[in-house]
Number of protein chains: 2
Amino acid sequence: MNSRRASPPAPGKQPVPVASPWRASRERLRDRAVKREAVIRAAAREFNRKGYHNTSLDDIAARLEVTKPTVYYYVTSKEQLLFQCFVAGVEQIRAAFRDVRHLEVPARERLNAVLRHYGEAVASEFGWCMVRAEDQDLSPAMSRHIKALKSEIDHGIRRLIREGVQDGSIEPCDPKMTAFALAGALNWIAHWYREDQSLTGAQIAEAFVTIFEGGLRPRGSASRLSARERIRRRARSALAR
Amino acid sequence: MNSRRASPPAPGKQPVPVASPWRASRERLRDRAVKREAVIRAAAREFNRKGYHNTSLDDIAARLEVTKPTVYYYVTSKEQLLFQCFVAGVEQIRAAFRDVRHLEVPARERLNAVLRHYGEAVASEFGWCMVRAEDQDLSPAMSRHIKALKSEIDHGIRRLIREGVQDGSIEPCDPKMTAFALAGALNWIAHWYREDQSLTGAQIAEAFVTIFEGGLRPRGSASRLSARERIRRRARSALAR
DNA sequence: TAGGATAGCTACCCATCAGTATGGTCGAGG
DNA sequence: CCTCGACCATACTGATGGGTAGCTATCCTA
């Protein structure tokens with residue numbers, strides 16, 4: 001049964017061409033980081049499937065085909081595990097902000113780009129931890145840390161909205177409420193995505209951006225399209241019934 | 001006078017916002033239904049404050065100034081308690097659908113009315129239970145029940161969207177994705193409302209409806225400001241640096 | 001080949017908490 | 001005054017699960 005973990009992680013048996021004495025220990029250090037990441041990833045998957053409180057460390061260990069103390073060898077506590085998952089998810093979104101910061105396009109397009117990355121992140125395997133993790137489950141210190149990260153993202157969105165209103169690419173609106181609405185819609189993806197994976201995270205985000213941009217109320221030229229609309233409507237209702 | 005527990009828990013403590021029916025028991029006000037509802041309401045409050053798993057039945061009992069067996073006298077299990085809280089929240093939304101069903105206005109306005117009630121419900125004391133309760137915490141039977149109720153609401157929104165597209169009051173769109181976006185934005189209120197109660201649930205819902213209706217892209221002839229945009233953007237990036 | 005660091009396991013501890021057994025109090029009806 | 005039943009408390013059980021102690025095996029460096 002227990003084949004002594006030689007095959008799963010990395011067969012470091014190859015004769016190394018240059019026998020630098022530090023080579024091996026460096027290799028091992030890298031190995032350790034890889035394993036630690038695997039632990040965090042496995043935790044994220046289990047949390048995603050069953051929720052934080054319904055997942056025991058034995059579950060996570062079993063999923064990795066090791067035992068609980070082994071998990072504790074890479075992580076100090078269950079709480080820290082959740083925290084790491086959270087940070088991993090948030091980092092994707094922070095990267096999105098960094099990516100668009102220097103783009104030479106109107107703010108609305110920068111916002112859209114962020115929202116697309118945002119949606120992808122929420123639909124990723126760390127999405128659940130980032131979105132559904134409750135700070136009540138964490139120590140005050142970690143809770144503060146997480147709140148700060150969330151707030152940073154929130155204010156990043158508000159800022160893009162304000163800039164969009166200023167440069168005329170976004171309809172004047174309340175940045176705070178609008179940011180809440182956008183982030184909420186995207187965050188919520190984490191709640192239903194598991195059960196309906198017919199679309200990728202990017203596709204969902206794209207659809208949402210389209211909805212956010214256009215709004216529900218028909219655009220000015222809508223009256224001109226009424227004939228075509230009616231045709232499509234017929235086809236639709238025929239399909240729906 | 002019950003000399004046993006009258007003195008320890010500070011007898012003259014009135015400032016509790018929710019009057020506990022056990023206080024009134026001295027006045028012979030014995031109404032089982034009222035007490036049961038008080039139990040559920042207290043549970044909702046505690047779940048809202050600390051989360052389901054971080055709330056023990058002792059906590060809930062203490063909040064009512066009784067003991068755990070008393071709670072079990074009115075409720076069969078913690079799980080059922082969560083379920084009842086959930087149903088109480090969902091019922092508010094179902095009522096919203098019933099209210100608008102017979103209104104003689106375009107579907108978009110009926111949808112808006114539902115969304116307003118929806119937002120209020122999510123910001124109410126049962127909002128957390130309705131939104132953040134994970135079906136992983138419930139037995140399969142109750143989980144199915146809850147999924148059915150959620151699905152009913154989801155399809156109710158989709159239906160209003162379809163009707164709006166048909167009667168021309170809503171821009172043609174994908175009903176499923178749009179429903180997800182709307183419900184997500186509103187559901188998310190439950191995550192941040194506790195910490196920012198500067199607005200009522202109704203006001204938030206109203207703001208969201210405005211955002212959903214108009215969309216981010218400016219209405220009318222606002223798209224040929226690109227020259228001015230560029231200037232403004234330069235100024236901004238200069239400030240940002 | 002010794003000795004230390006790395007890495008993982010078995011077996012255990014113990015705090016928490018859902019749920020219960022049992023028995024006491026009090027008002028009402030006889 | 002006595003009993004019945006509704007209501008509630010004390011004090012317990014049992015299981016789950018986070019976290020640890022301590023042993024073992026392997027590899028690296030000397």
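Since the structure is predicted, the reported quantities are computational estimates derived from the model, not experimental observations.
Looking only at side-chain heavy atoms (C-beta outward), B/Phe126 and B/Asn48 stay at 4.5 Å or farther from each other. For the pair A/Val75/A/Gln84, no side-chain contact is recorded, criterion being any heavy-atom separation below 4.5 Å from C-beta on. Contact check for A/Leu182 versus A/Tyr118: no side-chain heavy atoms found under the 4.5 Å cut-off.
Contact check on B/Lys150 versus B/Asp135 returns no salt bridge, with no Lys/Arg side-chain nitrogen under 4.0 Å from an Asp/Glu carboxylate oxygen. Of the charged side-chain nitrogens involved, at least one lies within less than 4.0 Å of a carboxylate oxygen, so that A/Arg159 and A/Glu163 count as a salt-bridged pair. The pair B/Arg158-B/Asp154 meets the salt-bridge criterion, since a charged nitrogen lies less than 4.0 angstrom from a carboxylate oxygen.
In this structure, A/Thr67 reaches the C/dC9 phosphate: one of its side-chain N or O atoms is under 4.0 Å from OP1 or OP2. The shortest distance between the side-chain N/O atoms of B/Thr70 and the OP1/OP2 oxygens of D/dC8 is not below 4.0 Å. Within the structure, a side-chain polar atom (N or O) of B/Tyr73 is placed less than 4.0 Å from OP1 or OP2 of D/dC7. Phosphate contact (OP1/OP2 of C/dA7, side-chain N/O of A/Arg32, threshold under 4.0 Å): present. At the phosphate of C/dG8, OP1 or OP2 sits under 4.0 Å from a side-chain N or O atom of A/Tyr74.
Relative orientation of the A/Trp192 and B/Phe180 rings is parallel, given thresholds of 30° and 60° on the angle between their planes.
Counting only residues at least two apart or in different chains, ring pair (Phe, Tyr, Trp, His ring centres under 6.0 Å) contacts with residues 45-74 of chain A comprise A/Phe47-A/Tyr52, A/His53-B/His53.
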**Item:** Base versus backbone protein contacts along nucleotides 18-24 of chain C [heavy-atom cut-off under 4.0 Å; B, S, -]
**Value:** BBB----
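Proximity of residues 130-146 of chain B to DNA chain C (heavy atom under 4.0 angstrom from any strand atom) is not detected for any residue.
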